[in-house]
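Start at 1 and go down the list; that is how both ligands and their atoms are numbered. All values reported here derive from a predicted model rather than from experimental measurement.
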Amino acid sequence: MDQRPIGVFDSGLGGLTAVHSLWRILPEEDLIYFGDTARVPYGSRSREAILKYARQDVRFLRSFDLKAILIACGTVTTTSLAALQAENDLPMVGVVEPTCRRAVLMTQNKRVGLIATAASVRSGAYEAALRRLDPEVTVFSRACPLFVPLVEEGWLDHEVTRLTAQEYLKPVLAENVDTLVLGCTHYPLIKPLLQDVVGPEVRLVDSAITVAEQAARTLTEMGIANDGRSLPTYCYTVTDIPLRFQTIGERFLGRSIQQLEMVKLG
Ligand code: DGL
């Protein structure tokens, strides 16, 4: 048992989808959230820039005494997970592996769509994991760079977001996929809209749920889950405009974000 908090981070609001799942799956854990709202989006940047940002994010989070870090960001996972794990002596959970494991279990026709940021699609990390887990799976990937700014704008159920989704998903749906991986943690914020666009036949794989489940498995295996003797605490840190983060975050989480601080990365 370890009562220290779990650090959770993303480029912005997206990682709150993982927080939402963590509340359900690991309700006893204290969480420290970091959203790099000053530099979102990460997904349109180079691998080098993302790795540099991710290292700074992790360094900041490690100024707290944490027992584990959940990388609630597809873009950081696809580009930087291996480096971050090699450089840090605490468990770090990323979104790709657990999400792909779920996708290969879910697909019946072995045709899987993947939507993610440009950096994630370019990295090929999701495709490689899906094919390694099931060599018979064919993957149809599409980068959706406009989704992250639309989510950060709070346009979660907006006509512009719907039209954008229809446009992005047209070629993927034309491939007759039966499963669609939401490879960016911002996308579950628009899950109802995406489900509407793809129709009831296509099953969505939510990376925020799978990463939270993986975190639970890791804590249990390592014997460092919390026993829930005290009420959990949640602290949120961002690098810019906390008010907007709060408004949209609370709308999504359905709970108030009380302890929110704006921080500067060293
Ligand atoms: N939520 C992120 C992801 O999972 C990052 C999106 C971005 O900053 O571009 O990829």
### Query
For Thr79, what residues pass the side chain to side chain contact (heavy atoms under 4.5 Å, CB included) criterion, not counting sequence neighbours?
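Applying side chain to side chain contact (heavy atoms under 4.5 Å, CB included) to Thr79 gives Arg47, Ile50, Ala119.
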
Answer yes or no: does an N/O atom from [X] fall short of 3.5 Å to an N/O atom of ligand 1?
X: Thr75; value: yes
X: Cys184; value: no
X: Thr185; value: yes
X: Gly74; value: yes

Just which atoms of ligand 1 are under 4.0 Å from any heavy atom in [X]?
X: Val148; value: 6 (C), 7 (C), 9 (O)
X: Thr117; value: 6 (C), 9 (O), 10 (O)
X: Ser11; value: 5 (C), 6 (C), 7 (C), 8 (O)
X: Val40; value: 8 (O)
X: Asp10; value: 1 (N), 2 (C), 5 (C)
X: Pro41; value: 7 (C), 8 (O), 9 (O)

Under 4.0 Å between a side-chain nitrogen and a carboxylate oxygen: does that hold for [X] and [Y]?
X: Asp57; Y: Arg39; result: yes
X: Asp196; Y: Lys191; result: no
X: Glu213; Y: Arg101; result: no
X: Lys110; Y: Asp178; result: no
X: Lys52; Y: Glu48; result: no

### Nearest neighbour of atom 1 (N) of ligand 1 from the list Arg39, Arg45, His186, on a heavy-atom basis
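Comparing heavy atoms across Arg39, Arg45, His186, the nearest one to atom 1 (N) of ligand 1 lies in His186.
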
### Query
With sequence neighbours left out, what residues match Phe60 under ring-ring contact (aromatic ring centres under 6.0 Å, His included)?
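Phe60 satisfies ring-ring contact (aromatic ring centres under 6.0 Å, His included) with Phe34, Phe64 once adjacent residues are dropped.
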
### Message
Once rounded to the nearest 0.5 Å, what's the spacing between atom CG of Leu219 and atom CZ of Arg217?
### Response
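The CZ atom of Arg217 is 11.5 Å from CG of Leu219, to the nearest 0.5 Å.
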
### Query
Looking at atom 9 (O) of ligand 1, what's its closest protein heavy atom, distance included?
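Ranked first by proximity to atom 9 (O) of ligand 1 is Gly43 N, 2.7 Å.
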
#### Entry: Protein residue, atom and distance nearest to atom 7 (C) of ligand 1, heavy-atom basis
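Going atom by atom, the protein heavy atom closest to atom 7 (C) of ligand 1 ends up being Tyr42 N, 3.3 Å.
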
### Message
Here's one to test your reading of the geometry: is the NZ or CZ of Arg255 within 45 degrees of the ring axis of Trp23 and under 6.0 Å from its centre?
### Response
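Relative to the ring axis of Trp23, which defines the angle, Arg255 lies inside both limits.
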
### Query
Can you find a non-hydrogen atom of Gly12 under 4.0 Å from ligand 1?
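Contact check Gly12 vs ligand 1: negative.
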
